[in-house]
There are 4 protein chains.
Amino acid sequence: MTPRPARTALTKQKLFDAALRLLGERGAAEVTVDEIAAAAGVAKGTVYYNFGSKDALIDALLRHGVDLLAQRLRPDGDDNAVEHLVGASLEFFRDYPAFGQLLVSEMWRSPGQWHGTLSLLRDDIVAIFKEVVQRSADAGKLPEGVQAGTASAALFGTLLVVALDWQVFQPDRSLDQVRDSVMLLVRGVIPAA
Amino acid sequence: MTPRPARTALTKQKLFDAALRLLGERGAAEVTVDEIAAAAGVAKGTVYYNFGSKDALIDALLRHGVDLLAQRLRPDGDDNAVEHLVGASLEFFRDYPAFGQLLVSEMWRSPGQWHGTLSLLRDDIVAIFKEVVQRSADAGKLPEGVQAGTASAALFGTLLVVALDWQVFQPDRSLDQVRDSVMLLVRGVIPAA
Amino acid sequence: MTPRPARTALTKQKLFDAALRLLGERGAAEVTVDEIAAAAGVAKGTVYYNFGSKDALIDALLRHGVDLLAQRLRPDGDDNAVEHLVGASLEFFRDYPAFGQLLVSEMWRSPGQWHGTLSLLRDDIVAIFKEVVQRSADAGKLPEGVQAGTASAALFGTLLVVALDWQVFQPDRSLDQVRDSVMLLVRGVIPAA
Amino acid sequence: MTPRPARTALTKQKLFDAALRLLGERGAAEVTVDEIAAAAGVAKGTVYYNFGSKDALIDALLRHGVDLLAQRLRPDGDDNAVEHLVGASLEFFRDYPAFGQLLVSEMWRSPGQWHGTLSLLRDDIVAIFKEVVQRSADAGKLPEGVQAGTASAALFGTLLVVALDWQVFQPDRSLDQVRDSVMLLVRGVIPAA
DNA sequence: TATGAATGAGCATTCATTCAT
DNA sequence: GATGAATGAATGCTCATTCAT
């Protein structure tokens, strides 16, 4: 299926995996290209051959991570849409705590290297949230005056910081516990079907 | 008021001001001591004379910033306690957007240099929030099952994220608009007196 | 004419052409094999397949270029031999200005990679000049004390430098103008027949 | 006399000396900053503290070297001006063979790093030559049609290549021998007083 | 013959830190 | 108290070369 560039694709994947872990754990500036290459099991030059620069690798990584998150958010068979968003988000950040840290470190750095990329990516994610929240709004379930856009952005942001708080300060709590806590709060704003 | 070291205090203040702006905009690792010193109008050696190291300067800066925030949160005579927390927090992050960026970049960096300091500082802030939320809980205003601690941490995190979103993506909205939006959401969880 | 390896010869020629331009413009050390290959429209590996190394490519290029120059200098039936040398040299460096730059950059680099090759090549050229100058000497036309060898080397060097000066600092002058200027000087040393 | 920056001036001088020798011997691209720093007896960072970049160091070096040459060319008590130019030039390139190689390598590289600087410097030197040659022209000593500017540029170029030829291919000849050989040729164009 | 992904030694540059003044 | 020249370990990046296809 994958023609010739199978080797390249594999190399890039190895680099993504290694970079995702290291960059989240320690921040973009603290991780060296040497480390990423070593963790991926390739030579340093390979990073540059495939991505051109450290910044470009991180940029590609951010896009890749957000794609993964978007995939997990999309599905969901039937109702309980909000609960699915909450659960899927927490699950994603549990699986890739590194990525959450990377996001939160770079998302609001206005003249930052990746601000442009992250603005776009953030919009992608918030749009998915908004789709669900809007449905509740259409059903008249949102409190008077609450706008779907504002609520969606706030919900995503809250999930992000709650997930990080969980991983960093209360790693012993289970996913279910955290999701239930969050849902109790969310249900105050968006009642269940 | 400031006792003897008037000269030192001034120098430190100049360094705080310069460091706060630069570190927030570009992240701790991206800013050099040279830049901070230049922006403060002092020689590089002066940073080391006054703080000992770059890390120590940032550590002191974080403590200083959180003290400022704590001061603003504390006051407020009587009711509308929750609204005061929300308004004061948003106001603080509007006044010191760089500090919000710095916090969010470093707060969840587990093996980070300032993780220890930030854990303590976070506890200080959340404790203030919890005091207020607990009062609502005691008055039976929290939904069944919602814990004051969890709600407080989530509220602080949400405010942080919302404030940054505001400053970076919607700088045209007024403080009142943002505060009202947030309160609409919060009132779903913590109804007004 | 070119025997069997028509394909190889073509590839080598493409590489020569590309290398000549790039190496002259920017110096041997500043040009990468990638660039040469790209400019020649072949893959990088092809350079190594055909020449073995970057140094060997440059070595071959130098030999090739000096052969071309020697060919142009040789002909000329009868008199006006000196004028022919001057004219042919200037013409050659006008046609291959990059080669002149390459020569001048590497010719006097004592521990240089191509010093050996260039010494031999220089001798070839100077020998052709000497042949002509010696004829003038035999005819008693050289000033008392001037040696043919010294005068030949100086003449070649001067032509090289004058040609480069012309191309770089006075590209508007015509070949005839430059040749006439040089001949005025040369005639002071080697009078016409 | 030299106030405080005596240390800096000394450091720069040490770097100039070391760089002049190394760069001439092996060409700008072949010499590493590490080597220059080591040869100067300072740390690598010191090069960057004082010059900002390797390119800037070389640029400064070119200006410095041309100043030295200009100084040597200027003086000369009375007549024999042309002979002084020839002798002083050869002497300079004998003392700094490295510099001659550097000059010749970079002077005609049109899109080169230092082409701008070298154009200016070349003009300085040629102007000094022209002053002397013009005097001969005014005295009616130049052959009919020879222009002072052209002759000056050619003379400087010739001296440059002759000096390099001497150092590289005939290091056994004495300065006097070479100067006399050159003067024999020059006298054909510019007769003695 | 030709290709291009992968390599890794080598290099220019940065920057936190020191210390003599 | 303050300074800034000097340091050198660390880092991002380059590029000639190799080799499996």
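Naming convention: chains lettered A, B, ... in sequence-line order (proteins, then strands); numbering from 1 in each chain.
C/M107 has its side chain out of reach of D/L164: every pair of non-hydrogen atoms, C-beta onward, lies at least 4.5 Å apart. Under the 4.5 Å side-chain criterion, counting only non-hydrogen atoms from C-beta, C/K54 is not in contact with C/V47.
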Under 3.5 Å, which N/O atoms of the protein pair with N/O atoms of nucleotides 2-4 of chain F?
from	atom 1	to	atom 2	distance (Å)
F/dA2	OP1	B/T11	OG1	3.1
F/dT3	OP2	B/A43	N	3.1
F/dT3	OP2	B/T46	OG1	2.1
F/dG4	O3'	D/Y49	OH	2.8
F/dG4	N7	B/G45	N	3.2

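Applying the salt bridge (charged side-chain N to carboxylate O under 4.0 Å, His left out) rule to pairs touching residues 98-114 of chain B yields B/E106-B/R109, sequence neighbours excluded. The list of side-chain hydrogen bond (donor to acceptor under 3.5 Å, both in side chains) pairs with a residue in residues 13-25 of chain B, not counting sequence neighbours, reads B/Q13-B/D17. Sorted by first and then second residue, the pairs that involve residues 20-59 of chain C and meet ring-ring contact (aromatic ring centres under 6.0 Å, His included), not counting sequence neighbours, are C/F16-C/F51. Among residue pairs with one or both ends in residues 56-69 of chain D, those qualifying as side-chain hydrogen bond (donor to acceptor under 3.5 Å, both in side chains) are D/D59-D/R63, D/D59-D/T117, D/R63-D/T117; sequence neighbours excluded.
Applying the side-chain contact (heavy atoms from CB on, under 4.5 Å) test to D/Q113 and every residue at least two apart in sequence or in another chain returns D/D55. With sequence neighbours left out, the salt bridge (charged side-chain N to carboxylate O under 4.0 Å, His left out) criterion links B/K44 to B/D34. Residues passing the salt bridge (charged side-chain N to carboxylate O under 4.0 Å, His left out) test with D/E30: none are found, sequence neighbours excluded. Looking at residues two or more places apart in sequence or on another chain, you find a side-chain hydrogen bond (donor to acceptor under 3.5 Å, both in side chains) between B/T32 and B/E35.
Closest heavy-atom contact between D/L15 and D/T46: CD1-O, 4.4 Å.
Rounded to an integer number of Å, the gap from C/L10 CG to E/dT1 C1' is 13 Å. For the pair D/Y48 OH and F/dA10 P, the computed distance is 18 Å after rounding to whole Å. Straight-line distance from the CZ atom of A/F51 to the P atom of E/dA6: 11 Å, rounded to whole Å.
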Checklist entry - Dot-bracket for DNA chain E, 5' to 3', with Watson-Crick and G-U pairs under 3.5 Å, [ ] for crossing pairs and | for other-strand pairs: what is it? => result .||||||||||||||||||||

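Side-chain proximity of A/K54 to F/dG12, E/dT17, F/dT18: nearest is F/dG12.
The CD1 atom of D/I36 sits 8.5 Å away from the CG atom of D/L61 when rounded to the nearest 0.5 Å.
Taking every heavy atom of residues 55-62 of chain B and every atom of DNA chain F, no pair lies under 4.0 Å. Contacts of residues 20-39 of chain B with DNA chain F (heavy atom under 4.0 Å): none.
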Next on the checklist: Determine whether B/V66 and B/F99 satisfy the following criterion, side-chain contact (heavy atoms from CB on, under 4.5 Å), listing intermediate values before the conclusion.
Outcome noted: CA-CA 9 Å; B/V66 170; B/F99 189 74; 4.0 Å; yes

